[in-house]
Amino acid sequence: MEVTEVHWISRRVVFMLLAVTAQAQVNPETCRYPLGMSGGQIQDEDISASSQWSESTAARFGRLDLDNGDGDGAWCPDIMSEPDALKEYLQVDLRSLHFITLVGTQGRHADGMGNEFAQRYRIKYSRDGSSWVGWHDRKGGQVIEGNKNAYDVVLKDLEPPIIARYVRFMPVTDHSMTVCMRVELYGCEWLDGLMSYSLPDGHLMIYRGLDVYFNDSVYDGAVAERLTKGLGQLTDGTAGLDDFLHSHVYGMWAGYDYVGWSNKSFPKGYVEMIFEFDHVRNFTSMKVHCSNMFSRGVRMFKQASCYFRSGSDWEADPVTFRPNVDRESQTARFVIVPLGDRTASVIKCRFHFGDLWMLFSEVAFQSGAKNHGDDPTHKVDDSNTRILIGCLVAIIAILLTIIVIILWRQVWQKMLEKASRRLLDDELTARLAVQTRAFASLHSSLSSDTDSSSNSTYERIFPLCADYQEPSRLIRKLPEFAQFTGRTKAPLNNCHDVGAPHYAAADIISLQESSDGGASVTAASMNLFADSSMREFPRDKLSFKEKLGEGQFGEVHLCEAEDMLDFLEEELSVEQNRESPLLVAVKMLREDANKNARNDFLKEIRIMSRLRDPNIVRLLAVCVDTDPLCMITEYMENGDLNQFLFSTLISMAVQIASGMKYLSSLNFVHRDLATRNCLVGKNCTIKIADFGMSRNLYRGDYYRIQGRAVLPIRWMSWESILLGKFTMASDVWAFGVTMWEILTLCKDQPYSHLSDEQVIENTGEFFRDQGKQVYLPKPHRCPDRLYNDLMLSCWRRNAKQRPSFQEIHTQLMDSLA
């Protein structure tokens with residue numbers, strides 16, 4: 001193992017510890033556990049109702065998916081529900097505050113004896129049992145669509161989620177009818193203990209003519225100039241994006257994710273917030289998620305001062321914290337404010353402006369229970385805490401042992417490497433000694449041959465297959481050199497690849513190197529072209545267009561060469577008017593190049609001047625009479641093959657996204673988007689069709705489910721497979737798979753390592769969202785950013801969080817720019 005692996009393991013240890021200390025930060029994507037109606041953790045005495053039709057339909061029977069034969073299988077009120085009466089309810093007491101993200105309902109069938117269910121319902125909730133709030137979605141809707149039969153379970157996401165101890169399900173009907181319900185709540189415990197926060201209502205920003213609203217639109221308390229006795233967007237578990245003009249929630253207005261204020265309305269220079277908790281706690285820190293887009297006048301707060309209260313009076317000495325000012329990155333971030341283990345049930349914090357605007361999207365607290373003797377009504381079983389600490393200590397001990405073993409192995413490995421290197425050095429020294437004697441003999445032979453001007457061939461150049469060659473001596477023995485000197489070519493008996501250098505860096509001739517009293521490089525360059533067809537091109541006929549890049553010798557420029565075709569006095573394979581300047585690539589030697597670099601540059605010119613093949617870039621002319629030295633080559637307008645192929649593939653994806661953007665604007669859902677349904681015309685024009693299923697070639701891409709119509713399950717979203725729900729968001733999922741096909745050149749079927757049944761099982765993992773779902777891997781040619789930011793976003797579990805085709809098209813166009 002490498003040191004980086006040790007570093008990785010160390011980081012994992014730190015991450016695990018941070019995960020424990022940051023447990024109060026709720027993640028709505030993973031906080032989706034059943035809270036105990038179906039499992040029995042919620043006791044019968046914690047389930048109540050406004051009424052019951054009979055003892056066999058009492059509240060305790062209102063448990064989802066549980067029919068034990070003791071009752072009629074559900075809760076049913078004693079009278080028929082009236083339209084929108086909202087008098088009847090089934091109430092669940094969770095005994096403590098919970099973060100609730102999902103609800104499930106079911107009707108009553110009583111083994112075929114009943115057929116009652118709630119087609120629609122509302123939810124009310126309370127944190128203290130006295131103040132009740134009606135839930136509504138992010139656009140103000142209060143009614144939740146329920147069941148269509150008495151058997152199936154219907155799950156509904158609560159967007160936004162709620163923080164509550166008590167929850168009431170209230171059936172809603174269009175006409176008088178009997179309803180029965182079985183229910184379940186999904187979420188996790190609300191460890192923050194925050195009961196409410198109070199703050200000024202958010203302000204309106206006018207940004208380039210756009211209205212940007214920073215109000216807390218889901219606040220569930222009293223809403224006036226100051227919001228009181230409620231919770232809202234600062235505790236919904238969703239941190240805002242870097243760009244506050246965009247939102248995690250599809251279709252919402254600019255600024256939706258943030259609550260924010262302008263400093264013009266606060267003469268004291270700060271915003272005051274008050275946080276009330278369920279009981280006295282010891283606070284260690286507070287996490288505040290802030291926008292920091294200072295290019296638009298928004299910065300994180302420059303100072304936070306927090307006051308504490310356990311009784312009726314505020315403590316005099318606040319905790320003051322100044323975060324480091326970030327003047328480079330405009331990314332939104334969590335700022336951790338240390339609270340110094342202060343004890344309180346209410347905290348008042350004043351956040352001072354760092355710029356014109358201050359925007360918050362989340363606030364979370366890290367705390368522990370106060371000493372039990374101070375609060376006899378609050379009893380905490382710390383056995384779980386002790387077990388957790390014991391497990392952490394054991395894990396840390398195991399990881400430290402692993403790190404010690406890894407480091408010990410590395411020490412032994414280095415010792416073995418040193419020993420091996422000494423053995424190799426000894427062997428190499430012996431071999432070089434033999435070769436040195438051979439080279440000495442060869443040098444004397446070469447000298448005698450030169451002096452006598454002998455025409456004899458060299459029968460053997462290399463006595464051994466040498467690991468080391470000395471070009472200045474051996475170059476004269478290469479076949480190419482023999483061609484120029486008039487000597488006969490000699491076979492390379494042992495090492496056939498010794499004389500095969502790279503075509504653009506081969507040592508074909510030995511240039512006269514300058515010495516203190518030697519000839520200049522310019523003279524060498526003139527001798528270089530004495531027997532070559534390469535001619536000097538007038539510099540004044542070169543016009544600079546743009547810089548293409550930088551190579552080994554210097555910069556490469558795109559230039560226009562005037563009268564180049566006439567200069568060459570021959571036809572080039574270019575379709576261009578001879579009167580128009582020819583686009584060429586000009587490689588220039590940098591001005592500070594040393595003698596060796598200049599010689600190498602001239603050597604490359606000499607080599608390329610001899611190359612003539614329609615599939616080799618041709619050297620057209622040179623400029624070597626004065627500095628800087630230049631070589632003029634053909635310009636290939638489409639760039640290198642790697643980038644050309646990638647751009648072509650992305651251009652195809654752009655066209656598909658453009659077509660789907662048009663369909664989505666008309667509210668059309670394709671249902672079968674894949675490369676087999678994308679047809680290619682002239683000039684690689686892509687057009688979306690729907691022929692794939694009708695062609696036998698793609699029969700293996702479809703799966704027949706129990707006699708139903710065949711389905712392209714490997715391209716379908718989880719909600720399309722499990723719930724039969726096809727939307728534009730499910731088309732976005734299919735687009736992500738289609739893009740994966742394009743970037744893998746369709747070499748493999750999506751999820752080729754999974755059977756059809758395993759693919760369907762994997763969609764169940766997307767629904768459960770417990771981190772076990774399998775994603776398509778990143779294609780080899782796909783940049784990390786394109787895979788992480790675009791393709792994975794198409795496969796998000798929450799359909800509302802997937803990008804629109806407009807956003808996909810824009811992002812792909814940006815990647816081509």
For [X] versus [Y], what's the shortest heavy-atom pair and its separation?
X: G134; Y: K124; value: CA-CG, 3.9 Å
X: C290; Y: M300; value: CB-CB, 3.9 Å
X: A118; Y: M181; value: CB-CG, 3.8 Å
X: G230; Y: Y219; value: N-OH, 2.9 Å
X: L191; Y: R281; value: O-NH1, 3.3 Å
X: S310; Y: V280; value: OG-CG1, 4.4 Å

Derivation of the ring-ring contact (aromatic ring centres under 6.0 Å, His included) call for Y33 and Y186: CA-CA 5 Å; Y33 304 101; Y186 300 84; 9.8 Å; no

Any donor-acceptor pair under 3.5 Å linking the side chain of [X] with the backbone of [Y]?
X: R122; Y: Q142; value: no
X: H279; Y: F277; value: no
X: S126; Y: S131; value: yes
X: W795; Y: W733; value: yes
X: D242; Y: A332; value: yes

Qualifying side chain to side chain donor-acceptor pair (under 3.5 Å) pairs with a residue from residues 220-231, counting only residues at least two apart or across chains: Y125-D220, R127-D220, S198-R226, K229-E276

Any residue meeting side-chain hydrogen bond (donor to acceptor under 3.5 Å, both in side chains) with [X], in chain and number order, not counting sequence neighbours:
X: E765; answer: R768
X: N263; answer: none
X: D236; answer: none
X: S329; answer: T331

Flag this pair as yes if the NZ/CZ of [X] is under 6.0 angstrom from the six-membered ring centre of [Y] and inside a 45 degree cone about the axis; otherwise no.
X: R168; Y: W132; result: yes
X: K348; Y: W314; result: yes
X: R327; Y: F294; result: no
X: K287; Y: F334; result: yes

Do the side chains of [Y] and [X] get nearer than 4.5 Å, heavy atoms only?
X: V92; Y: Y166; result: no
X: D731; Y: F805; result: yes
X: L102; Y: D157; result: yes

Should the heavy atoms of other residues, nucleotides or ligands under 6.0 Å from [atom1] of [X] be counted, would the total exceed 12?
X: Y250; atom1: OH; answer: no
X: E328; atom1: CD; answer: no
X: K800; atom1: NZ; answer: no

Pair D257, S247: side-chain N/O donor-acceptor within cut-off below 3.5 Å: yes

The single option from F214, F351, Y197, Y258 passing ring pair (Phe, Tyr, Trp, His ring centres under 6.0 Å) against F360: F351

Among Y775, F766, F767, ring pair (Phe, Tyr, Trp, His ring centres under 6.0 Å) partner for W718: F767

Passing candidate, side-chain contact (heavy atoms from CB on, under 4.5 Å) with L339, options N282, I347, T284: I347

Between [X] and [Y], is the ring centroid distance below 6.0 Å?
X: F244; Y: Y256; result: no
X: F301; Y: F353; result: no
X: F283; Y: F308; result: no

Show the atom names and distances, to 0.1 Å, of all donor-acceptor pairs under 3.5 Å that link a side chain in residues 809-817 to residues at least two apart or in another chain.
{"residue": "T810", "atom": "OG1", "partner": "Q806", "partner atom": "O", "Å": "2.9"}
{"residue": "T810", "atom": "OG1", "partner": "Q806", "partner atom": "NE2", "Å": "3.4"}
{"residue": "S815", "atom": "OG", "partner": "L812", "partner atom": "O", "Å": "2.6"}

